[in-house]
Amino acid sequence: MKLTFLGTGTSTGVPSIACDCETCLSNDPRDKRLRVSILVEHKGKTILVDTSSDFRQQALRADIRFLDAVLITHCHVDHVFGLDDIRPLNFRYGAMPIFANEIAWVDLRRIFQYIFQPVHFGGGLPQLIPHTVYHNAPFCIGEDLTVTPLEVIHGKLPVVAYRFNDFAYATDLKYIPPDSMDGLRDLDVLVLDCVRIKPHSTHLGLEEALAVIEDLKPKRAFLTHLNHDIMYARDSCLLPENVQFGYDGLIVE
Ligand SMILES: [Zn+2]
Ligand SMILES: [Zn+2]
Ligand SMILES: [Zn+2]
């Protein structure tokens, strides 16, 4: 399995507009973060998690040629506002399967009403094949990739963490219910939310993220959805050996 970190930034992206902090002024490419998204490739299947606000730029940068499916974690702007940019792939290959939970579908159908109830829109529309995912109800993509949706809580919002065989992606969460914790054990790689060093009301802060990793004991863990409080080179010393900050363009095999 190959993971490509397409974006590792919080909702504003890093650098943040009009900010002169040390991270936002950093020349380290690992401190330049587009909105959060990851690409999962396994045995000829390519799956995107979230069409971030920066999806077009990410797809060009990673040279994405085809997507077998898009999985949505939740319907917040930073995770879905690139949805319209799947159109070039639709023009080439037709409709694309999109997976999301029931709550996200309600919001997606409202926000992207022009897709679901087209009126007199000029030009091509995104073409979706909607699928609803349910907590702990695994499904397969291709022959060898089992995807298990697990519910995690982002403030008050139920969000989907996705497990792919021995890899899991869990962003935008403050709390992981016990049965979802059990679904996240025995992982080779966990990518986990960590918005900043300090605690936050709807995301994991660094201490909480490390406590989750300590409990789940994945072989390796990567932190994502990072804001500008976190500077890669300066703050990596805060992490245990098997944990690192993700950065845009990072590939994990
Ligand atoms: Zn987010
Ligand atoms: Zn800043
Ligand atoms: Zn969110």
Side-chain angles (χ1 to χ4, degrees), residues 3-17 32-41 45-133 139 141 147 149 154 157-162 164 169 171-172 191 193 202-203 224-227 246 248-249:
L3 314 173
T4 305
F5 289 73
L6 298 175
T8 54
T10 192
S11 57
T12 56
V14 177
S16 178
I17 292 172
K32 311 274 182 221
R33 304 175 185 131
L34 297 180
R35 267 58 74 87
V36 75
S37 175
I38 200 161
L39 194 71
V40 181
E41 293 170 89
K45 298 292 174 191
T46 305
I47 292 117
L48 175 74
V49 186
D50 289 333
T51 52
S52 90
S53 322
D54 296 313
F55 171 63
R56 176 178 174 275
Q57 192 181 343
Q58 291 164 336
L60 292 170
R61 188 164 74 175
D63 197 25
I64 292 174
R65 297 274 157 170
F66 181 79
L67 292 173
D68 290 282
V70 175
L71 310 184
I72 301 291
T73 58
H74 65 303
C75 188
H76 279 169
V77 165
D78 49 328
H79 297 257
V80 301
F81 264 30
L83 182 61
D84 196 80
D85 286 322
I86 67 165
R87 290 178 304 138
L89 296 171
N90 295 148
F91 299 155
R92 287 172 188 276
Y93 305 112
M96 188 184 295
I98 314 279
F99 295 78
N101 68 8
E102 280 177 316
I103 295 174
W105 274 122
V106 171
D107 288 338
L108 287 165
R109 286 177 191 280
R110 178 174 47 79
I111 292 167
F112 295 97
Q113 191 181 22
Y114 68 92
I115 298 177
F116 298 96
Q117 293 164 16
V119 197
H120 41 70
F121 188 82
L125 290 166
Q127 298 164 42
L128 320 182
I129 305 167
H131 294 274
T132 303
V133 302
F139 56 94
I141 296 178
V147 182
H154 179 28
L157 182 71
V159 165
V160 186
Y162 289 99
F164 308 80
Y169 185 73
T171 189
D172 291 62
V191 176
D193 187 23
T202 62
H203 289 270
T224 196
H225 213 292
L226 312 171
N227 86 353
D248 288 26

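Along the sequence shown, residues carry numbers from 1.
Separation of atoms CZ (R109) and SG (C75) is listed at 12.0 Å; rounding is to 0.5 Å. Once rounded to the nearest 0.5 Å, the distance linking NZ of K45 with CZ of F66 reads 7.0 Å. Put simply, CG on L71 and CD1 on I141 are 5.5 Å apart, with the number rounded to the nearest 0.5 Å. For the atom pair OG1 of T46 and CD1 of I64, the computed distance is 8.5 Å after rounding to the nearest 0.5 Å. From W105, atom CH2 reaches atom CZ of F112 across 10.0 Å, with rounding to the nearest 0.5 Å. From H203, atom NE2 reaches atom CG of L226 across 11.0 Å, with rounding to the nearest 0.5 Å.
A side-chain donor-acceptor contact under 3.5 Å links T8 and D248.
Of all heavy-atom pairs spanning T171 and V159, the tightest one is O-CG1, 3.9 Å. The shortest heavy-atom contact between P149 and F139 is CG-CE2, 3.8 Å. Of all heavy-atom pairs between H131 and I129, the closest is CD2-O, 3.3 Å.
Ring geometry, H79 versus H225: the interplanar angle falls under 30°, so the pair is classed parallel (tilted spans 30 to 60°).
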Please determine whether ring-ring contact (aromatic ring centres under 6.0 Å, His included) holds for the pair F99 and Y162, giving the CA-CA distance in whole Å, both sets of side-chain angles, and the decisive distance to 0.1 Å.
CA-CA 11 Å; F99 295 78; Y162 289 99; 8.2 Å; no

Between D84 and Y114, is a side chain to side chain contact (heavy atoms under 4.5 Å, CB included) present by the stated rule, with each step listed?
CA-CA 10 Å; D84 196 80; Y114 68 92; 2.6 Å; yes

Before you tell me yes or no, could you show the steps for L108 and L128 under side chain to side chain contact (heavy atoms under 4.5 Å, CB included), namely the whole-Å CA-CA distance, both residues' side-chain angles and the distance that decides it to 0.1 Å?
CA-CA 11 Å; L108 287 165; L128 320 182; over 6 Å; no

For R35 and H76, what are the C-alpha separation, side-chain angles and deciding distance, and is it a side chain to side chain contact (heavy atoms under 4.5 Å, CB included)?
CA-CA 11 Å; R35 267 58 74 87; H76 279 169; over 6 Å; no

What do the steps show when you test F55 against V70 for side chain to side chain contact (heavy atoms under 4.5 Å, CB included), and what is the final call?
CA-CA 12 Å; F55 171 63; V70 175; over 6 Å; no

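Looking at D172, D50, N101 one by one, the single match for side chain to side chain donor-acceptor pair (under 3.5 Å) with T73 turns out to be D50.
A 4.5 Å side-chain heavy-atom check between D85 and T51 finds every atom pair outside the cut-off. D78 has its side chain within reach of S53: a pair of non-hydrogen atoms, C-beta onward, lies under 4.5 Å apart. With a 4.5 Å cut-off on side-chain heavy atoms, I86 and L48 do not count as touching.
Here the side chain of N90 pairs a donor or acceptor atom with the backbone of Q127 at under 3.5 angstrom. Under the 3.5 Å distance criterion, the side-chain polar atoms of D68 are left unmatched by any main-chain donor or acceptor of I47. In this structure, the side chain of Q58 does not engage the main chain of V36 through any donor-acceptor pair within 3.5 Å. Judged by distance alone, the side chain of R92 and the main-chain N or O of L89 form no donor-acceptor pair under 3.5 Å. Remark: side-chain polar atoms of R33 are paired, donor with acceptor, to backbone N or O of N227 under 3.5 angstrom.
For L60, the CG atom sits in a packed shell: over 12 heavy atoms of surrounding residues, nucleotides or ligands are nearer than 6.0 Å. Other residues, nucleotides and ligands place more than 12 heavy atoms under 6.0 Å from the CZ atom of R61.
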